[in-house]
Amino acid sequence: MLRTGRRAGTILAALALTVTACSGHGGKKAQESAADTGAGKANTPRMKIAMVTHQAPGDTFWDIVRKGAEAAAAKDNVQLVYSNDPDGDKQATLVQNAIDSKVDGIAVTLSHPDAMAGTVKKATGGGIPVVVLNAGVDDWQKVGALEFFGSDESLAGESAGTRLGTEGAKHVLCVLHEQGSVSLEARCGGLARTFSGKTDKVYVTGTNMPSVRSTIAAKLKQDKSIDRVVALGAPFALTALQSVKDAGSAAKVAAFDMNPAMVKAVQDGTVEWAVDQQPYLQGYLAVDSLWLYRTNGNVLGGGKTTPTGPYFVDKGNVAAVAKYAARGTR
């Protein structure tokens with residue numbers, strides 16, 4: 001796939017997909033909220049779809065993905081089986097479990113494609129339709145998946161790097177909260193390519209917030225020239241704000257991804273901006289597309305990715321998404 005084509009498609013789709021639907025908070029509440037949207041409910045036979053992600057404990061991004069998936073499942077008469085593990089090998093085992101339980105479709109993230117590829121190919125080769133969401137923009141076709149829903153993370157990083165340069169930043173610290181994640185590496189790599197100043201990376205243990213806080217603070221104390229901290233997830237950006245205070249640093253903080261607390265931080269100016277990839281859409285479209293494929297043979301995207309971002313949220317437009325974030329869907 002040509003990067004220029006993918007870039008143009010991403011920008012167009014990001015402009016078109018700036019407002020998403022809403023759902024509740026899992027289980028019965030998600031179904032009730034889905035009904036509240038007026039979308040109705042399918043009368044097609046009940047089917048089972050597995051969603052297997054690399055969600056780590058405490059990462060609120062995935063709560064939004066799951067809400068989108070649950071809303072689509074409620075509408076489509078789908079039994080959604082959600083499982084997750086940040087370790088690639090363990091995530092592959094979860095995919096195998098889905099295969100063994102004879103699901104009607106699998107939605108999966110490919111954050112660690114080398115560990116996942118063999119098992120996902122086993123599913124697609126065995127006749128189970130698979131779609132990829134969130135992570136795996138460069139690998140989804142290689143494993144035989146039908147579609148991809150997510151952001152081009154290299155482009156997202158490049159967009160962030162360009163913006164930082166125009167804002168006058170000189171030295172950026174890019175914070176990666178999961179080692180080995182191709183998506184996070186793509187974000188930092190894209191940022192470094194287009195940023196006109198100096199870029200450093202620091203790896204933190206995303207499942208241990210006190211450690212995240214102290215590791216970022218130590219880096220800021222070590223190098224006072226760092227004037228921007230870019231965290232690759234909302235919870236880690238909010239923790240970075242504490243790190244900046246701990247270090248007595250003047251660095252400003254920007255972020256990737258959203259949650260309700262991030263919206264408030266953008267509103268009050270403590271975080272400059274966040275790059276939103278609309279995770280609710282990723283979860284919703286992944287489940288809905290499998291239902292469409294199983295019931296009507298539809299395939300979205302025409303063999304290309306279906307982009308859900310990047311979309312910058314800053315003080316100028318945060319009000320447009322705040323009410324949806326309050327519902328936990330942005």
Is K224 atom NZ crowded by more than 12 heavy atoms from other residues, nucleotides or ligands, each under 6.0 Å away? yes
Side-chain donor/acceptor of T305 to backbone N/O of G301, under 3.5 Å: no
Side-chain (D268) to main-chain (T270) donor-acceptor, under 3.5 angstrom: yes
Do the non-hydrogen side-chain atoms of E185 and K201 ever get within less than 4.5 Å of each other? yes
From F149 CZ over to W140 CH2, what is the distance, rounded to the nearest 0.5 angstrom? 8.5 Å
Any chance you could measure D85, atom CG, to Q55, atom CD, to the nearest 0.5 Å? 10.5 Å
Kindly compute the distance separating CG (L176) from OH (Y203), expressed to the nearest 0.5 Å. 5.0 Å
Does C174 reach the side chain of R187, with side-chain heavy atoms less than 4.5 Å apart? no
Kindly work out whether a path of hydrophobic side-chain contacts (I/L/V/M/F/W/Y, heavy atoms less than 4.5 Å apart) joins F256 to V253. no
What's the separation between atom NZ in K264 and atom CG in L238, rounded to the nearest 0.5 Å? 10.5 Å
Are any side-chain N or O atoms of Q282 and backbone N or O atoms of Q277, one a donor and one an acceptor, separated by less than 3.5 Å? yes
Are the side chain of N134 and the backbone N or O of G150 linked by a donor-acceptor pair below 3.5 Å? no
Mind listing the closest non-hydrogen atom pair of L300 and S289 along with its distance? CD1-CB, 4.2 Å
Starting from the C-alpha separation in whole Å, work towards a yes-or-no answer on side-chain contact (heavy atoms from CB on, under 4.5 Å) for E178 and L232. CA-CA 10 Å; E178 181 184 334; L232 305 186; over 6 Å; no
Should V275 and F312 count as side-chain neighbours, where that means a heavy-atom distance under 4.5 Å? yes
Closest non-hydrogen atom pair between I106 and A98, with its separation: CD1-CB, 4.0 Å
Identify the heavy atoms of G105 and L290 that sit nearest to each other, and give their distance. C-CD1, 4.1 Å
Kindly compute the distance separating CG (L164) from NE2 (H171), expressed to the nearest 0.5 Å. 12.0 Å
Is it true that D314 and R163 have a side-chain N and a carboxylate O under 4.0 angstrom from each other? yes
Is the closest side-chain donor-acceptor distance between S183 and S111 under 3.5 Å? no
Verify same cluster id: V230, V204 (apolar side-chain graph, 4.5 Å): no
Below 4.5 Å, heavy atoms only, C-beta onward: do Y284 and E70 meet side chain to side chain? no
Are F61 and L80 connected into the same hydrophobic cluster when the rule is that any two of I, L, V, M, F, W, Y join if their side-chain heavy atoms are below 4.5 Å apart? yes
Kindly work out whether a path of hydrophobic side-chain contacts (I/L/V/M/F/W/Y, heavy atoms less than 4.5 Å apart) joins I216 to V172. no
Hey, are the side chains of M47 and T295 touching, using non-hydrogen atoms and a 4.5 Å cut-off? yes
Between L133 and M51, does a side-chain contact (heavy atoms from CB on, under 4.5 Å) hold up when you go through it step by step? CA-CA 10 Å; L133 67 148; M51 177 171 281; 4.2 Å; yes
Go through the steps for V321 and D276 under the test side-chain contact (heavy atoms from CB on, under 4.5 Å), then give the verdict. CA-CA 10 Å; V321 301; D276 185 18; 5.5 Å; no
Is there a donor-acceptor pair closer than 3.5 Å between any side-chain N or O of T194 and the backbone N or O of T162? yes
Say whether T119 and Q96, considering side chains only, have a donor N or O and an acceptor N or O under 3.5 Å apart. no
Measuring from atom OG1 of T60 to atom CG of N259, what distance do you get when rounded to the nearest 0.5 angstrom? 4.0 Å
Would you indicate whether the side-chain heavy atoms of V263 and V318 approach each other to under 4.5 Å? yes
Start with the C-alpha distance between K252 and E167, add both sets of side-chain angles, then the distance that settles salt bridge (Lys or Arg N to Asp or Glu O under 4.0 Å), and finish with yes or no. CA-CA 11 Å; K252 298 178 181 178; E167 291 173 344; over 6 Å; no
Do H54 and M116 pass the side-chain contact (heavy atoms from CB on, under 4.5 Å) test, and can you show the C-alpha distance, the side-chain angles, and the key distance before you say yes or no? CA-CA 11 Å; H54 61 280; M116 298 287 296; over 6 Å; no
Without hydrogens or angle criteria, can the side chains of W62 and T53 be said to hold a donor-acceptor pair below 3.5 Å? no
Pairwise side-chain contact, E147 with L285, heavy-atom cut-off 4.5 Å (strictly under): no
Under 4.5 Å between side-chain heavy atoms, counting indirect links through other Ile/Leu/Val/Met/Phe/Trp/Tyr residues: same cluster for V81 and I99 or not? no
Over all heavy atoms of both residues, which pair between T124 and G144 is shortest? Give the atoms and the distance, please. CG2-O, 3.5 Å
Does the S243 side chain pair with the main chain of R213, one donor and one acceptor, at a distance under 3.5 Å? yes
Partner of H177 under side-chain contact (heavy atoms from CB on, under 4.5 Å), chosen from V212, T239, L184, N208: L184
Looking at every heavy atom in both T44 and D76, which two are closest together, and how far apart are they? OG1-O, 3.8 Å
Check whether any side-chain heavy atom of Q91 sits under 4.5 Å from a side-chain heavy atom of V108, and report yes or no. yes
D288 and K75: which non-hydrogen atoms are nearest, and at how many Å? OD1-NZ, 3.1 Å
